[in-house]
Number of protein chains: 2
Amino acid sequence: MKNSLGREIPEFIEGYGEVRPFKGAFATVPEGNRAGAPLKTVNPGHDKMLDSIEAVFKKVPITDGMTLAFHHHLRNGDYVVNMVMDVAAKLGLKDLEVSLTGVFPTHEPLIEHMKNGVITGLRTSGIYGPIAKAVTQGVLKKPAVLHTHGGRPAAVAAGRHKVDVAFVAAPTVDTYGNITGRQGPAACGALGYAMTDAEFASVVVAVSDNVIDYPLTKISIPQTKVDYIVKVDCIGDPNGIVSGTTQMTTDPVKIEMAQICADVIKASGYLKDGFSFQTGAGGASLKAADYVSQMMEEGNIKGSFAMGGIHGYMIQMVEKGLFKAAFDVQTFDLESIASYSKNENHIEMSAEFYASPFCKGALVNKLDAVILGATEIDVNFNVNVVSGSTGFIMGGSGGHSDAAAGADLTIIVANLVRSGKYPIVMDEVTTITTPGETIDVVVTDCGIAVNPARKELKDRLVAAGLPVKTIEELKKMADDIVGGPQKRFESDGRVVAVVEYRDGTVIDVVREIKA
Amino acid sequence: MKNSLGREIPEFIEGYGEVRPFKGAFATVPEGNRAGAPLKTVNPGHDKMLDSIEAVFKKVPITDGMTLAFHHHLRNGDYVVNMVMDVAAKLGLKDLEVSLTGVFPTHEPLIEHMKNGVITGLRTSGIYGPIAKAVTQGVLKKPAVLHTHGGRPAAVAAGRHKVDVAFVAAPTVDTYGNITGRQGPAACGALGYAMTDAEFASVVVAVSDNVIDYPLTKISIPQTKVDYIVKVDCIGDPNGIVSGTTQMTTDPVKIEMAQICADVIKASGYLKDGFSFQTGAGGASLKAADYVSQMMEEGNIKGSFAMGGIHGYMIQMVEKGLFKAAFDVQTFDLESIASYSKNENHIEMSAEFYASPFCKGALVNKLDAVILGATEIDVNFNVNVVSGSTGFIMGGSGGHSDAAAGADLTIIVANLVRSGKYPIVMDEVTTITTPGETIDVVVTDCGIAVNPARKELKDRLVAAGLPVKTIEELKKMADDIVGGPQKRFESDGRVVAVVEYRDGTVIDVVREIKA
């Protein structure tokens, strides 16, 4: 069948199940009640400490076919996922599903477990590094499921994604299970993605190298959710967990795009008292934040909040009084971690609060402007951030679709041509991640395009003298650079990844590329 | 049938249902999954503001037979319960259940709605004032259900207590539903009891006289749980909400009992580094806290935490460094409210975190010593705090049974004879609230008794030279004062209140006394 964006999707996918096709960004109204974890009781005097990961496997007990969940707050410094899955392999377990909010190069050892059938399923919001290639080449028995950061808590709350055991890498935990990411040798800041898993998983295990006396006083995940605590030598490498500092781009092309993003925000009319803003820590985003910051200072604009993954520059904007608060689902750098421990307007939030479509209003709903990236964008403004133009997975939505759906002004920023040969604007993208109806403006180094559904916005940008073109004009320019229109990569291989939109419908699939 | 404490309880109670008899403080292991509120979605741009309480009734819509929940953080200053129930009456609704965590004299107007059949059910953890008498005299069609503060979130999580609409009196709310009790004209501090209701109720309504710009930065109940916001003129009278200051007793008898409580704690062996403590704000409790504080200072003892309803004296102990933190489910006085806004070791907790038996370990489980009151105590140490000796309801468990079950050392303090004629120690109490197996020591003005199950503790207290007697000796002394043994009040009227133990089993019932 075809979903509403014209993507051909099987009605049933082996290893995934019945497909509910994407019908529109706000078309799904959830039914029924929120799922609940098993009711438990713990009597006074009970000891939650276990000696080892292996002891957890035996105590639960963890059996073939279960789903084990992890968070990615330790990013490329994480040791816990490999540690746990090595135990699973050693114990001879098979057919496990790993649910890991972000997959990094450090998780490469999982490939061996995938080959051996220890791991046959994967749920995540982004795959970075060698596992992306392996998954595209069919290493998993079942298709990977790519959630958005808001879609995962929605799927968990809706009972569609059941977690048997959540292993929470805990930078600090007290002896009764209260967890924080603020302190400890592997401090990572906010634990927003882990909070939802701890809420719904049948069993919750804190894995920590910093078990402190009771009670911890700044609690991100409370003792009431935690079954067991395991002390290990080291949960992660601080160098892989956070950047020391986030750096602004010095690439003149990116600086120019950043300036245009800021000009778009200014011309849009949203940059006024109460302004709220999300942007990433990479590429042109940080520089755009710098320009926005300058405009806010010059215009004496009092914003309401910054949000998202939080980096030091956002914190500086809060400290300057440009925003009342920074809401943080995931902390990117040392400056932000320090802020999180001392600045009461730097607020941790759960993935649900951040972005879930199935709650009574996530923070993204209150967002004025967001700047996002893309690997490809089609003439209907549908965006790909899952795969590259060669069909290989190279990322995932993360919070892309969530922020785009929530924000009043969603800006995609990208060079018009990638690596000198891949046009960003195409007739059809390789994999649709974020629907065009939620994208407002595309900013490239060769001009900008406005979604035709936003005529008034286009008029404002034109009036401001911005280099507005049609998306077709941008596409033509890209084609001319690379020597003619490029056809979308297509494969007729089996489905290796199902791309779920934030509401759990299937917006696209990724198909196998033979090794 | 008889429950394990020998109380005669009907197997089925009209208006309540099947009775699960009390079998022991830790005998119940919950089954199944935690209940979940309905899944909802709220799109960007949606406005949660409604014009009036009446508009909420129509929007939901609220119909006959529903359960409406409220918290008691505004105590005797609360305007919201009466405001909402007056609307229910005006709209001609019938057969509503009011679930209100504590009922105060200010709620007297509800009696009229009970007489008229607007309200036919009541769930609470304590009834103070005229409604207590009216309920005992049978004003409600169905028996009132008396939960403990921990039992209520357990019942809600277990799906036995379903809330249709939670009206949250909100001292401050932002325009998207984030709620705090820290600020606003009716600031009340922690909102621990409201947090659970907001988690599970089908519909959550913030009723506030202080609606502020988005976003609130110190959030107790998040926007993700709140459906509607109603602005009203005034949610409560600050004079009834908190005491200006909490005062220590000057009654020499109470001062002596306070000293003995402190001596018991010292002699018990629990008063050492890591000590944790809960006590109330009234009678001898505050003075006992003062003595404990002095002993901790003198002994250079570093405690771990103070907990419970929090009063200024507890905060002073935290500020002196005697405790690492104060965990606060409910804030009693202005000093504590001020502390809550500025002291990061003054931590708000939900009723579930505080006391629920059906989670993975509530804070009470980690409690070393607690000082509690009683209206009566029997020779098996079973305590009554629900009714007086004349059979009339005059309170409720609140957190009594929860703290008693959790603490290593539970001390009951009470004058041996009340009002010159009611002995505290009896063969049988009027209404059992807290089982004797969870009580360790009784301190009276005529000596102390130790639960025979705690032989080692008794030896320690004797060795410390404390006036240890048997509970039978205390009873005899009381009898002698009042002129012979007093029989327990008994009525063969219909059941007007069901006293649930924290695990949802029935520990006793209160029967009607004809007006």
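Naming convention: chains lettered A, B, ... in sequence-line order (proteins, then strands); numbering from 1 in each chain. Treat the numbers as computed from the prediction; the structure is a model and nothing was measured. Because only heavy atoms are used, hydrogens play no part in the values below, and waters and symmetry mates are left out as well, while side chains stay in.
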Is A25(A) close to chain B through its backbone or its side chain, or both, or neither, when contacts mean heavy atoms under 4.5 Å?
neither
So which of P357(B), G159(B), G45(B) has the biggest tally of heavy-atom pairs under 4.5 Å with chain A?
P357(B)
If you tally heavy-atom pairs under 4.5 Å between each of N345(A), D408(A), D227(A) and chain B, the highest tally belongs to D227(A)
Of the backbone (N, CA, C, O) and the side chain (C-beta and beyond), which part of S276(B) lies under 4.5 Å from a heavy atom of chain A, both, or neither?
neither
Is V204(B) in contact with chain A via its backbone, its side chain, both, or neither, using a 4.5 Å heavy-atom distance?
both
So, does K48(A) use its side chain to make a donor-acceptor pair with the main chain of Q223(A) at under 3.5 Å?
yes
Tell me, do D328(A) and E348(A) make a side-chain contact under 4.5 Å, heavy atoms counted?
no
So, do N43(A) and N365(B) sit near enough that their side-chain heavy atoms are less than 4.5 Å apart?
no
Centroid separation F277(B) to F305(B) less than 6.0 Å
no
Region of N178(B) in contact with chain A, defined by heavy-atom distances below 4.5 Å:
side chain
If you count heavy-atom pairs under 4.5 Å between each of P215(A), A405(A), A325(A), A407(A) and chain B, which one has the most?
P215(A)
Please confirm whether Y501(A) and F22(A) have ring centers closer than 6.0 angstrom.
yes
What verdict does the salt bridge (Lys or Arg N to Asp or Glu O under 4.0 Å) test give for R160(A) and E500(A), after you've listed the backbone C-alpha separation in whole Å, the side-chain angles of each residue and the deciding distance to 0.1 Å?
CA-CA 12 Å; R160(A) 293 195 312 110; E500(A) 284 196 0; 2.9 Å; yes
Which residue out of S350(B), S356(B), A362(B), P38(B) racks up the most heavy-atom pairs below 4.5 Å with chain A?
P38(B)
At what distance, to the nearest 0.5 angstrom, does OG1 of T172(A) lie from CD1 of I219(A)?
12.5 Å
Y354(B) and Q278(B): side-chain donor and acceptor closer than 3.5 Å?
yes
Without hydrogens or angle criteria, can the side chains of T148(B) and D402(B) be said to hold a donor-acceptor pair below 3.5 Å?
yes
Contact origin within Y176(B) toward chain A - heavy atom pairs under 4.5 Å
side chain
If you count heavy-atom pairs under 4.5 Å with chain A, which of D213(B), V226(B), V29(B) comes out on top?
V226(B)
Heavy-atom neighbours of K23(A) NZ exceed 12 at 6.0 Å:
no
Give, as side chain, backbone, both or neither, the part of A158(B) having an atom under 4.5 angstrom from any heavy atom of chain A.
both
Chain A heavy atoms under 4.5 Å from L367(B): which part of the residue, side chain, backbone, both or neither?
neither
Count the heavy-atom pairs under 4.5 Å between each of T41(A), D503(A), T224(A) and chain B, then report the option with the highest count.
T224(A)
Max heavy-atom pairs within cutoff under 4.5 Å with chain B, candidates G361(A), G274(A), G32(A), goes to G361(A)
Atom group of T28(B) that falls short of 4.5 Å from chain A, counting heavy atoms:
backbone
Leading residue by heavy atom contact count with chain A [cutoff under 4.5 Å; candidates P222(B), G406(B), A37(B)]
A37(B)
